[in-house]
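As the structure is a prediction and not an experimental result, all values here were calculated from the model. Because only heavy atoms are used, hydrogens play no part in the values below, and waters and symmetry mates are left out as well, while side chains stay in. Every chain is numbered from 1 and lettered A, B, ... according to where its sequence line falls, protein lines coming before strand lines.
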Protein chains: 2
Amino acid sequence: MSSNGFELPLRLLLAFRMLIDELHAELARQGHPDIRPMYGFVMQAIGPDGTTAVELGRALGVTKQAAGKTVDNLERIGYAERATDPRDSRRKLVRLTPRGMDALDRSARIFDTLRARWAAELGEDRLQALESDLRRMTPDNPWRLDIPGWFGAL
Amino acid sequence: MSSNGFELPLRLLLAFRMLIDELHAELARQGHPDIRPMYGFVMQAIGPDGTTAVELGRALGVTKQAAGKTVDNLERIGYAERATDPRDSRRKLVRLTPRGMDALDRSARIFDTLRARWAAELGEDRLQALESDLRRMTPDNPWRLDIPGWFGAL
DNA sequence: CATGATAGACAACCTGGTTAACTATATGGG
DNA sequence: CCCATATAGTTAACCAGGTTGTCTATCATG
């Protein structure tokens, strides 16, 4: 069975999906029921210091318009806010609200918990080997995700 | 770095994405430029014997309407066809066309090649360990993917 | 034969993506 | 100093793929 090349991508996707589903179930339990799968990546890309729509689009590998729409949604549910840059009035700084920060912090902690569950199941050494192998097979630059919306779009 | 829980899902996704991108680049090179990332999963779910929209939806974890729309698209680009079931005229059998079959066959071979590349890089034993660990952490039933469109939708 | 279950189609809507066109602001060179 | 160009953001129109809800046609059964 392990010689079937189709299984590898499938398992990678299932594993990813499981982690993300568990993350969101837990986030919902902790008071963030409105987070969509994508938002975590977007908030991570916004980061604690804020960014702009154009930079965000570049970071996520989507157009500035798409990035803008997503920020609209984050703004609508109270996780991000926009403010004009005083030093360049073309730019609008996108920053996380305290609620957004909270969601981001909790996500990080939940991911750590989930990783610990994997370590308990597989053993820390096996998990580190797995992470190391994945790191070896994937691009170095962890950012420039290109992720949201890629599936089904490209 | 490997104690950062955020890296695991990210690497899983990047690895998946890489494989899928390489698959589609190679499929395009081999005469199938119109395949979208999802179609591979859908064609795999249709299988060599055909299925119906309802069954397909169940297999993919989406509604029958969504499955129907996707079949519309596969039909449009000549990879699937529909025919009324002679034994139950409510049902419409969805089958792959020869072109669809060809794409599916090539996909399987390309995935095998990609897996071989991973084996060459990581060693067959490490790769088998990786697959085995992923298998251990993900649901048993390989089908019922629940995949297409899940990201961004749920 | 009437009733209920099932398959499919259609419409309206949502999200997240795209291109394209437009406005407003910076910036740098004649 | 001013104009040309580049950049940030918005808006609009579209697409893909998903959802619910409704409707019709067919099957199967009491």
Colleague: Can you check whether B:Asn73 has a side-chain N or O nearer than 4.0 Å to OP1 or OP2 of D:dA16?
Modeller: no
Colleague: Decide yes or no, distance alone: a donor-acceptor N/O pair under 3.5 angstrom between the base of C:dG16 and the side-chain of A:Gln65.
Modeller: no
Colleague: Taking it one step at a time, do B:Arg17 and B:Asp21 satisfy salt bridge (charged side-chain N to carboxylate O under 4.0 Å, His left out)?
Modeller: CA-CA 6 Å; B:Arg17 199 217 141 116; B:Asp21 282 352; 2.7 Å; yes
Colleague: Out of D:dG18, C:dG16, D:dA16, which nucleotide sits closest to the side chain of B:Ala66?
Modeller: D:dG18
Colleague: What does B:Ala53 touch in the nucleic acid at a heavy-atom separation under 4.0 angstrom: a base, only the sugar-phosphate, or nothing?
Modeller: sugar-phosphate
Colleague: Can you check salt bridge (charged side-chain N to carboxylate O under 4.0 Å, His left out) on A:Glu26 and A:Arg106, steps first, answer last?
Modeller: CA-CA 9 Å; A:Glu26 186 57 33; A:Arg106 286 177 191 277; over 6 Å; no
Colleague: The test is salt bridge (charged side-chain N to carboxylate O under 4.0 Å, His left out); show your working for A:Arg91 and A:Glu55 and say whether it passes.
Modeller: CA-CA 10 Å; A:Arg91 307 177 78 217; A:Glu55 288 168 34; 2.7 Å; yes
Colleague: Between D:dA13 atom C1' and A:Lys69 atom NZ, what is the distance in whole Å?
Modeller: 10 Å
Colleague: For the side chain of B:Met38, starting at C-beta, report the closest nucleotide among D:dG17, D:dT19, C:dG8.
Modeller: D:dG17
Colleague: Examine distances only and state if a side-chain atom of B:His24 and a backbone atom of B:Ile20 form a donor-acceptor pair shorter than 3.5 Å.
Modeller: yes
Colleague: Treating Ile, Leu, Val, Met, Phe, Trp and Tyr as nodes and any side-chain heavy-atom pair under 4.5 angstrom as an edge, say whether A:Leu114 and B:Met137 lie in one connected cluster.
Modeller: yes
Colleague: Determine whether a donor-acceptor pair (N or O, by modelled atom type, separation under 3.5 Å) exists between the side chain of A:Thr113 and the backbone of A:Arg109.
Modeller: yes
Colleague: Does the distance from a Lys or Arg side-chain N to an Asp or Glu carboxylate O, for B:Arg115 and B:Glu131, drop under 4.0 Å?
Modeller: yes
Colleague: For DNA chain D, what are the stems built from at least three Watson-Crick or G-U pairs in a row, each pair having both distances below 3.5 Å?
Modeller: C:1-30 with D:1-30
Colleague: Touch check for A:Thr52, heavy atoms < 4.0 angstrom, all strands: base, sugar-phosphate only, or nothing?
Modeller: sugar-phosphate
Colleague: Consider the side chain of B:Thr70, meaning its heavy atoms from C-beta on, and name the nucleotide among C:dG16, D:dG18, D:dG9 that approaches it most closely.
Modeller: D:dG18
Colleague: Among residues at least two apart in sequence or on other chains, which ones pass ring-ring contact (aromatic ring centres under 6.0 Å, His included) with B:Tyr39?
Modeller: none
Colleague: Is there a residue in residues 82-93 of chain B whose heavy atoms reach under 4.0 Å of DNA chain C, and which residues are they?
Modeller: B:Arg82, B:Arg90, B:Arg91, B:Lys92
